Amino acid sequence: MKNTLLFFLSVFLFTVNADAQTDSKPNVPSNEKSDFKPAAKSVLTELNVNPFKGDINLNNSLNQIKLRYFTTENVALRLGFNVSNINKLDDFNVPYGTNPQRYKDERKSTTLGLNLGVERHFIGSKRVSPYIGADFSIENKSSTQELINGQSNVNVKNGWFNNTSQNTNNPSPMLTEQAYTSFGVNIVSGFDFYIVKNFFFGYEFNLGFKSTKFKTPEVTVSGGSGNNLNQDQQSTTFSFGPKLMNGIRVGYMF
């Protein structure tokens with residue numbers, strides 16, 4: 001972890017020194033176009049590297065794949081998206097004998113997210129490109145569960161419930177996962193530091209809000225002695241404030 005941080009610091013100091021020497025040469029105009037920064041029609045992507053935790057993640061608060069498309073040298077469009085699917089299945093079936101048994105617990109979840117925004121880049125230096133911008137994000141998560149235990153059949157929409165054991169006909173009413181819809185708006189600011197042509201690292205923070213509305217679980221019970229677990233509830237969360245993105249942004253240009 002320390003070596004990673006020292007590496008980025010060494011690269012930063014080296015390139016700053018190289019820029020200073022280049023700018024001091026009389027035959028290099030001060031307004032010369034940078035060979036490191038992206039031009040119009042350039043496409044960039046990036047990851048987050050956290051030297052303090054030793055991990056690498058996808059970028060931004062929704063853990064999305066992030067792309068940027070430069071319409072001009074100073075304006076970039078932001079696009080982030082994430083798609084994930086989970087399917088968990090426990091299936092135990094003994095149909096023969098004097099004591100037939102059937103247990104099945106199948107849980108499915110799908111998450112879709114989209115982020116759209118724009119950035120305005122400023123002159124900075126030949127390697128440093130500071131920017132400000134704004135973006136909008138939306139995410140939807142769906143969850144379903146089918147639980148069969150003997151003659152009892154429980155179907156859940158918008159959530160998962162924990163069952164206490166395979167020897168009971170009634171699942172525990174403990175809600176372990178819940179579907180939701182969320183959206184947010186952010187004002188962002190950051191910088192890109194181009195180590196070499198087409199490769200950069202940077203940092204970003206934002207100021208904005210996020211609202212999440214959780215969907216009410218709908219439970220259908222048939223057969224056996226299962227209890228109806230429907231809950232009449234309204235659950236929402238709202239947050240507002242500044243946020244520093246976790247880790248160092250490391251990216252490259254196509």
Side-chain angles (χ1 to χ4, degrees), residues 1-19 22 32-84 111-139 184-208 242-254:
M1 294 184 291
K2 292 182 179 179
N3 292 337
T4 304
L5 188 59
L6 289 175
F7 169 76
F8 283 113
L9 181 60
S10 300
V11 172
F12 178 81
L13 294 176
F14 172 79
T15 50
V16 168
N17 181 63
D19 276 348
T22 301
E32 181 182 356
K33 181 180 177 181
S34 172
D35 293 329
F36 301 98
K37 296 181 182 180
K41 298 183 179 180
S42 297
V43 179
L44 289 72
T45 188
E46 61 194 64
L47 295 172
N48 267 20
V49 178
N50 193 327
F52 301 102
K53 292 184 178 180
D55 58 8
I56 299 177
N57 300 299
L58 296 174
N59 195 266
N60 74 32
S61 59
L62 296 179
N63 198 35
Q64 295 178 329
I65 297 174
K66 178 182 176 182
L67 298 172
R68 290 189 292 174
Y69 175 77
F70 279 77
T71 57
T72 68
E73 295 179 359
N74 300 321
V75 178
L77 302 179
R78 297 160 62 102
L79 170 64
F81 61 92
N82 62 300
V83 180
S84 63
T111 303
L112 301 173
L114 181 67
N115 181 287
L116 298 173
V118 63
E119 296 174 358
R120 174 64 168 88
H121 287 249
F122 300 95
I123 296 176
S125 68
K126 289 184 179 181
R127 294 179 184 267
V128 179
S129 180
Y131 63 86
I132 60 173
D135 62 26
F136 169 81
S137 63
I138 185 170
E139 188 173 47
V185 177
N186 298 293
I187 298 174
V188 302
S189 181
F191 70 90
D192 301 328
F193 184 87
Y194 289 86
I195 304 173
V196 294
K197 184 177 178 62
N198 300 337
F199 184 75
F200 68 92
F201 72 84
Y203 229 100
E204 181 178 290
F205 69 93
N206 63 47
L207 173 66
K243 183 176 182 180
L244 186 64
M245 299 309 298
N246 184 34
I248 299 172
R249 298 166 41 247
V250 177
Y252 59 91
M253 193 187 316
F254 291 101

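These numbers were taken from a predicted model, which means no experiment stands behind them. We use all heavy atoms of the structure for the numbers below, so side chains are in, but hydrogens, waters and symmetry mates are not.
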Original post:
Applying the side chain to side chain contact (heavy atoms under 4.5 Å, CB included) test to Leu77, which of Leu116, Thr71, Asp135 qualifies?
Top reply: Thr71
Subject >> Nearest heavy atoms of Ala134 and Val188, plus distance in Å >> reply: N-CG2, 4.0 Å
Original post:
Under a 4.5 Å cut-off applied to non-hydrogen side-chain atoms, are Val75 and Val118 in contact?
Top reply: yes
**OP:** Output all residues satisfying side-chain contact (heavy atoms from CB on, under 4.5 Å) with Asn74, sequence neighbours left out; order by chain, then residue number.
**Re:** Thr72, Arg120
Original post:
Would you say the side-chain atoms of Arg127 pair up with the backbone N or O of Tyr194, donor to acceptor, closer than 3.5 Å?
Top reply: yes
**OP:** Decide yes or no for Leu112 and Phe81: does some side-chain heavy atom of the first lie under 4.5 Å from some side-chain heavy atom of the second?
**Re:** no
**OP:** Tell me, please, which residues at least two apart from Leu207 pass side-chain contact (heavy atoms from CB on, under 4.5 Å).
**Re:** Phe240, Pro242
Original post:
Nearest 0.5 Å, what's the CD1-CG distance between Ile65 and Leu47?
Top reply: 9.5 Å
Subject >> Nearest-0.5 Å distance that lies between atom CD1 in Ile138 and atom CG in Asn115 >> reply: 11.0 Å
Original post:
Should Thr45 and Leu67 count as side-chain neighbours, where that means a heavy-atom distance under 4.5 Å?
Top reply: yes
Subject >> Whether Lys126 side chain and Phe36 backbone form a donor-acceptor pair below 3.5 Å >> reply: no
**OP:** Would you name the heavy atoms of His121 and Asp192 that are closest together and state the gap between them?
**Re:** CE1-OD2, 3.5 Å
Original post:
Is a donor on one side and an acceptor on the other found under 3.5 Å between the side chain of Arg249 and the backbone of Phe191?
Top reply: yes
Original post:
Can you name the nearest heavy-atom pair linking Ser42 to Met253, along with the distance?
Top reply: OG-SD, 3.7 Å
Original post:
Taking all atoms of both residues into account, what is the closest heavy-atom pair of Lys37 and Ser129, and its distance?
Top reply: CE-CB, 4.1 Å
Original post:
Can you name the nearest heavy-atom pair linking Gly124 to Pro130, along with the distance?
Top reply: CA-CD, 3.7 Å
Subject >> Contacts of type ring-ring contact (aromatic ring centres under 6.0 Å, His included), residue Tyr252, not counting sequence neighbours >> reply: Phe254
Subject >> Euclidean distance, Leu114 CG relative to Glu139 CD, rounded to 0.5 Å >> reply: 10.5 Å
**OP:** Please round to the nearest 0.5 Å and tell me the distance separating atom CD of Glu73 and atom CD1 of Ile123.
**Re:** 11.0 Å
Original post:
How long is the span from the CD atom in Glu204 to the NZ atom in Lys66, to the nearest 0.5 Å?
Top reply: 4.5 Å
Subject >> Pair Glu119-Arg78, salt bridge (Lys or Arg N to Asp or Glu O under 4.0 Å): steps then yes or no >> reply: CA-CA 7 Å; Glu119 296 174 358; Arg78 297 160 62 102; 2.6 Å; yes
